2 protein chains.
Amino acid sequence: MAGVLAKSPKLREGKQLKMEERPLATRSDTKITLFDRTFDYGQLPELMGFHLRRASIVDFSTFSEEIGDRAITPLRYSALEVIGANPGLRQTQLAAILGLSKPAATLAIDFWEARDCLARRRIPEDGRARGIHLTPEGQRTLGELRRQVALHDQALTASLSEPELRALHSALRKIIESGGGAM
Amino acid sequence: MAGVLAKSPKLREGKQLKMEERPLATRSDTKITLFDRTFDYGQLPELMGFHLRRASIVDFSTFSEEIGDRAITPLRYSALEVIGANPGLRQTQLAAILGLSKPAATLAIDFWEARDCLARRRIPEDGRARGIHLTPEGQRTLGELRRQVALHDQALTASLSEPELRALHSALRKIIESGGGAM
DNA sequence: TATTGTTATACTCTATAACTATA
DNA sequence: TATAGTTATAGAGTATAACAATA
């Protein structure tokens, strides 16, 4: 996992820089102190994309660790979740829902099938397609995963109040919806 | 660019599911319609991490395209920005600031050096280290990039009001700061 | 002996293309 | 001829380890 931020920021305030032109940046995130020296992030702290990426990395980088199984990534969990919610889903449908290529969907299914969590079943109406179903072991695993993931997500946002949570959710939805065409 | 979301969601409302247990999900993002059929995202829409990731993908997937140069990624832009803001930065320092491995920093610098945008200079105090500096071409490129990136970021958040922007920024900061130890 | 930066190498993730079996 | 799914292959991007030069 990598990129675009320091491992342990230890942010410290620095001298103010044209703050009137930087509505979003606050004194404490324009600078970073490492090696006993202070460095400047330039205009990065003014960019919402920069913070979105960093918040997403916080989520991602703690996910597998908190789940307690390095192999279970957000993508693999998402696949199991969607299959559980849509029994008999076809692989092309899973790929479309998660925005994956066909081979990527195949691999995600292979992963869970190897753990006896789901099974591919022939579909009478179309011999080419397979319906994907949770096994009893998959039901159990998904149930436990859902709990752990929900806890992980609550921990991620533990520092936010209910109104802050709603505001964050609303803002993210607007960004996602406005970018729908480009995705 | 991939993963964990449909390319063109075309979200539609579906029947309500235990909404009292799903404070964050709203009717319009629990379902997705593809192939003339409605599928369920399961508990994914209840997870802030899911939306963070999707918003980040919207940002990332339009970045290089809007900049007009597929080779200029957020990471490479960030590297140039940080070097511009900290003239004479050493490569290990760049790596630490951006959370990169040494080889990754070397490659980012190689990229911009090949475009005559920056130069490695020997440091008198330490013959092992190199200070990284923008060239005149690098100054020009960075100036233009900063403008384009700022426009890109404004487009990303164009659907948000000023108070919404501040709320989003504040919430992301809290998530990033609370996860600081794990990053 | 430790550190800066480069090179070698390998691993993961992803995609496109080619293939098979059905339709 | 087209589609569902698999396999083959290749390209990014990343990391660790080994190396050269310097401290």
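Nothing here was measured: the structure is a model prediction, and the numbers come from that model. We name chains A, B, ... by the order of the sequence lines, and we start the count at 1 in each one.
Minimum atom distance to the side chain of Pro103(A) is reached by dT7(D), of the listed dA4(D), dT3(C), dT7(D). The side chain of Thr73(A) approaches dC13(C) more closely than any other nucleotide in the set dC13(C), dT14(D), dT4(C). Each of dA4(D), dA15(D), dC13(C) was ranked by its minimum atom distance to the side chain of Ala104(B); first place goes to dA15(D).
Mapping Ile123(A) and Arg76(A) onto DNA chain C by nearest heavy atom places Arg76(A) closer to the 5' end of the strand. Residue whose closest nucleotide on DNA chain C sits further toward the 5' end, between Arg130(A) and Thr92(B): Thr92(B).
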Exercise. What's the verdict on salt bridge (Lys or Arg N to Asp or Glu O under 4.0 Å) for Asp110(A) and Arg120(A), showing C-alpha distance, side-chain angles and the deciding distance?
Worked result: CA-CA 10 Å; Asp110(A) 287 347; Arg120(A) 293 160 157 105; 2.8 Å; yes

For this session: Report the C-alpha distance between Arg115(B) and Asp69(B) in whole Å, list the side-chain angles of each, state the deciding distance to 0.1 Å, and finish with yes or no for salt bridge (Lys or Arg N to Asp or Glu O under 4.0 Å).
Result: CA-CA 13 Å; Arg115(B) 293 187 172 207; Asp69(B) 186 337; 2.8 Å; yes

For this session: Go through Lys174(A) and Glu177(A) one step at a time and tell me if the salt bridge (Lys or Arg N to Asp or Glu O under 4.0 Å) criterion holds.
Result: CA-CA 5 Å; Lys174(A) 287 185 180 180; Glu177(A) 279 167 16; over 6 Å; no

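Side-chain nitrogen and oxygen atoms of Ser101(B) include none within less than 4.0 Å of the OP1 or OP2 phosphate oxygen of dT14(D). Between Gln91(A) and dT6(D) there is a side-chain N or O to OP1 or OP2 distance below 4.0 Å.
Counting heavy atoms from C-beta on, the side chains of Phe39(A) and Val82(B) never come closer than 4.5 Å.
In this entry the distance linking CG of Leu100(A) with P of dA4(D) reads 16 Å, nearest Å. Atom CZ of Arg128(A) and atom P of dT3(D) are 8 Å apart (whole Å). Going from atom CG of Leu94(A) over to atom C1' of dT6(D) covers 15 Å, rounded to whole Å. What separates CD1 of Ile132(B) from C1' of dG5(C) is a distance of 10 Å, to the nearest Å. For the pair Glu125(A) CD and dT22(C) P, the interatomic distance rounds to 16 Å; values are reported in whole Å. Look at CG on Leu107(B): it is 18 Å from P on dT4(C), rounded to the nearest Å. Rounded to an integer number of Å, the gap from Arg90(A) CZ to dG5(D) P is 7 Å.
Within residues 109-121 of chain B, no residue approaches DNA chain D, by heavy-atom distance under 4.0 Å.
A salt bridge is defined here as a Lys NZ or Arg NE, NH1 or NH2 lying under 4.0 Å from an Asp or Glu carboxylate O, and Glu65(B) with Arg70(B) fails to meet this definition.
In terms of heavy atoms, Tyr77(B) sits closest to Leu142(B) at CE1-CD1, 4.4 Å.
Between the side chains of Glu81(B) and Ser78(B), not a single donor N or O lies within less than 3.5 Å of an accepting N or O.
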